[in-house]
Amino acid sequence: MSRVNIVTSDRGWILERLAHEISRRLPYVSFGDGPDPDAAIQYYMTFACRRRRLSPVEVAYFAHLEPEGEAHDRFFAVARDVEHCVCHARLYEGVLRDAGIAQVTTISPGVDLETFQPKLRIGVVGRTYHTGRKGEHLVAQVMDIPEIEWSFTGEGWPGPALSLPDAAMPDYYRGLDYVLVPALYEGGPMCVAEALACGTEVIAPAIGWVPEFPHEEYEVGNAADLRRVLLRLVEKKRALRASVLDRTWDGWAEGHDRVFRAVAAGAGLSLAPAAPRSPRRTRPRSVGLFLHGNEARSQGGPSVRV
């Protein structure tokens, strides 16, 4: 029985995450101890960390191509020397195929869809009045849309409100997707011009000076029509999310499983988890201590710096 070992170019960054998501899903894959000549398949992530052949079958990961220099040349040299190339993007699969390299597969890394979820950030600015003309009752009727993140400034709104000084308002506007005007009638309101000055879009009925400016319009005082507009804007977020719904960590591991099993079968290998190994015995290493200056006689600081 044979197994796959992943070697990464560095640790503590995205490559480690990529390797970890494979090894935790495929029991015959190991990762974490660097190169392992006992593994039947060595997977170099990225190609740049491959120096010489260690295993009967070798696979390398190609994230991007440098425009020139040693890394550019190494990209193609390693691709020609390994049994299979895995590309991050179809762009580089095409580059390798154009160079005459046929054993290439594009496998896209995943995204944690539970963590990365869309939110439409909508803010409502100002304070309410006893007449209800600011439309707080309309807001209360549409706050059940799950993808909308609401924020308020002032008083009287159906949610916690911020008390912001004037100097903080530009950043507040810039942090929103839209400013909503739920009012039934207005002279302005000022938040329309302020939001647009910050490049933030406005959702508002045709009241006050709103028709003079770009805005997403709904019928005055109509909560159902406001909901229609909000759902249309949320749907734009949903459509963007839909473009990556197939880019999951399960899909990332499954794509590698197909590649590993194909190259193993081509070499007459059968993949399975390795038996537990005894801890490796390490040889004693020499340690050098470099002392900086004679600080015992200096004023302040440590007596010796190593």
Side-chain angles (χ1 to χ4, degrees), residues 110-249:
V111 60
D112 185 344
L113 295 172
E114 293 300 317
T115 300
F116 294 95
Q117 298 193 29
K119 286 291 183 183
L120 189 69
R121 295 167 297 173
I122 296 181
V124 184
V125 176
R127 62 187 176 93
T128 62
Y129 298 109
H130 68 282
T131 60
R133 74 173 180 87
K134 287 291 186 176
E136 57 271 24
H137 62 288
L138 292 181
V139 179
Q141 293 178 67
V142 296
M143 288 183 67
D144 59 336
I145 301 173
E147 291 98 333
I148 296 181
E149 183 178 277
W150 294 92
S151 67
F152 304 94
T153 72
E155 300 174 351
W157 301 108
L162 302 169
S163 178
L164 299 176
D166 289 345
M169 289 305 296
D171 281 341
Y172 176 73
Y173 285 122
R174 286 190 284 262
L176 300 171
D177 292 311
Y178 291 88
V179 166
L180 169 65
V181 178
L184 305 181
Y185 51 92
E186 282 279 5
M190 286 300 299
C191 66
V192 171
E194 292 171 348
L196 292 172
C198 291
T200 299
E201 297 187 70
V202 172
I203 304 168
I207 58 173
W209 65 357
V210 169
E212 303 173 31
F213 299 104
H215 65 285
E216 296 282 351
E217 188 168 313
Y218 68 95
E219 185 181 344
V220 180
N222 188 332
D225 198 43
L226 174 57
R227 180 180 293 275
R228 174 189 63 80
V229 171
L230 294 176
L231 288 175
R232 176 169 57 79
L233 298 177
V234 166
E235 188 56 39
K236 292 170 63 177
K237 296 276 190 180
R238 292 172 179 166
L240 292 173
R241 177 179 171 84
S243 68
V244 298
L245 288 179
D246 63 331
R247 308 300 172 98
T248 65
W249 289 118

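Just so you know, these numbers use all the heavy atoms, side chains as well, and skip hydrogens, waters and symmetry mates.
Around atom CZ of R127, no more than 12 heavy atoms belonging to other residues, nucleotides or ligands sit under 6.0 Å away. Dense packing is recorded around CD of Q117, with more than 12 heavy atoms of other residues, nucleotides or ligands lying under 6.0 Å away.
Side-chain contact between I203 and L226: present, with at least one pair of heavy atoms (C-beta onward) separated by less than 4.5 Å. Residues V210 and V202 have side chains not in contact (no heavy-atom distance under 4.5 Å, counting atoms from C-beta outward). In this structure, W209 and M190 have side chains that are in contact, with non-hydrogen atoms separated by less than 4.5 Å.
The two residues A223 and Q141 have their closest heavy-atom pair at CB-OE1, 3.5 Å. The minimum heavy-atom distance between N222 and D225, with the atom names listed, is OD1-N, 3.0 Å. Considering all non-hydrogen atoms of both residues, S151 and L176 come closest at OG-CD2, 3.7 Å. In terms of heavy atoms, A183 sits closest to I207 at O-CD1, 3.5 Å. Here the shortest heavy-atom pairing between C191 and V179 reads SG-CG1, 4.1 Å. The two residues A140 and P158 come nearest to each other via the heavy atoms N-CG, 3.9 Å.
Although no hydrogens or angles enter the test, the distance criterion places no donor-acceptor pair under 3.5 Å between the side chain of T128 and the main chain of G135. Of the possible polar contacts, none joining the R228 side chain to the Y218 backbone as a donor-acceptor pair under 3.5 Å is found. In this structure a side-chain-to-backbone donor-acceptor pair under 3.5 Å is missing from D177 to I122. The backbone N or O of V181 lies less than 3.5 Å from no partner atom in the side chain of K134, so there is not a single donor-acceptor pair. A donor-acceptor pair is defined here as one N or O able to donate and one able to accept, closer than 3.5 Å; such a pair exists between the side chain of R241 and the backbone of L113. Side chain of T153 to backbone of G126: a donor-acceptor contact under 3.5 angstrom is found.
Here the options are V139, V125, L138, the test is side-chain contact (heavy atoms from CB on, under 4.5 Å), and the partner is L180; only V139 passes. When T200, I148, L233 are each tested for a side-chain contact (heavy atoms from CB on, under 4.5 Å) with Y178, only one passes: L233.
A donor-acceptor pair shorter than 3.5 Å can be found between the side chains of E194 and Y173.
Between F152 and W150, the two ring planes are parallel [angle under 30°; tilted spans 30° to 60°].
Residues K237 and E147 are not paired through a salt bridge, judged by the lack of any N-O separation under 4.0 Å between the basic side chain and the carboxylate. A salt bridge is defined here as a Lys NZ or Arg NE, NH1 or NH2 lying under 4.0 Å from an Asp or Glu carboxylate O, and R232 with E235 fails to meet this definition.
Rounded to the nearest 0.5 Å, atoms CG (L230) and CD (E216) are 10.0 Å apart. Put simply, CZ on R227 and CE on M143 are 11.5 Å apart, with the number rounded to the nearest 0.5 Å.
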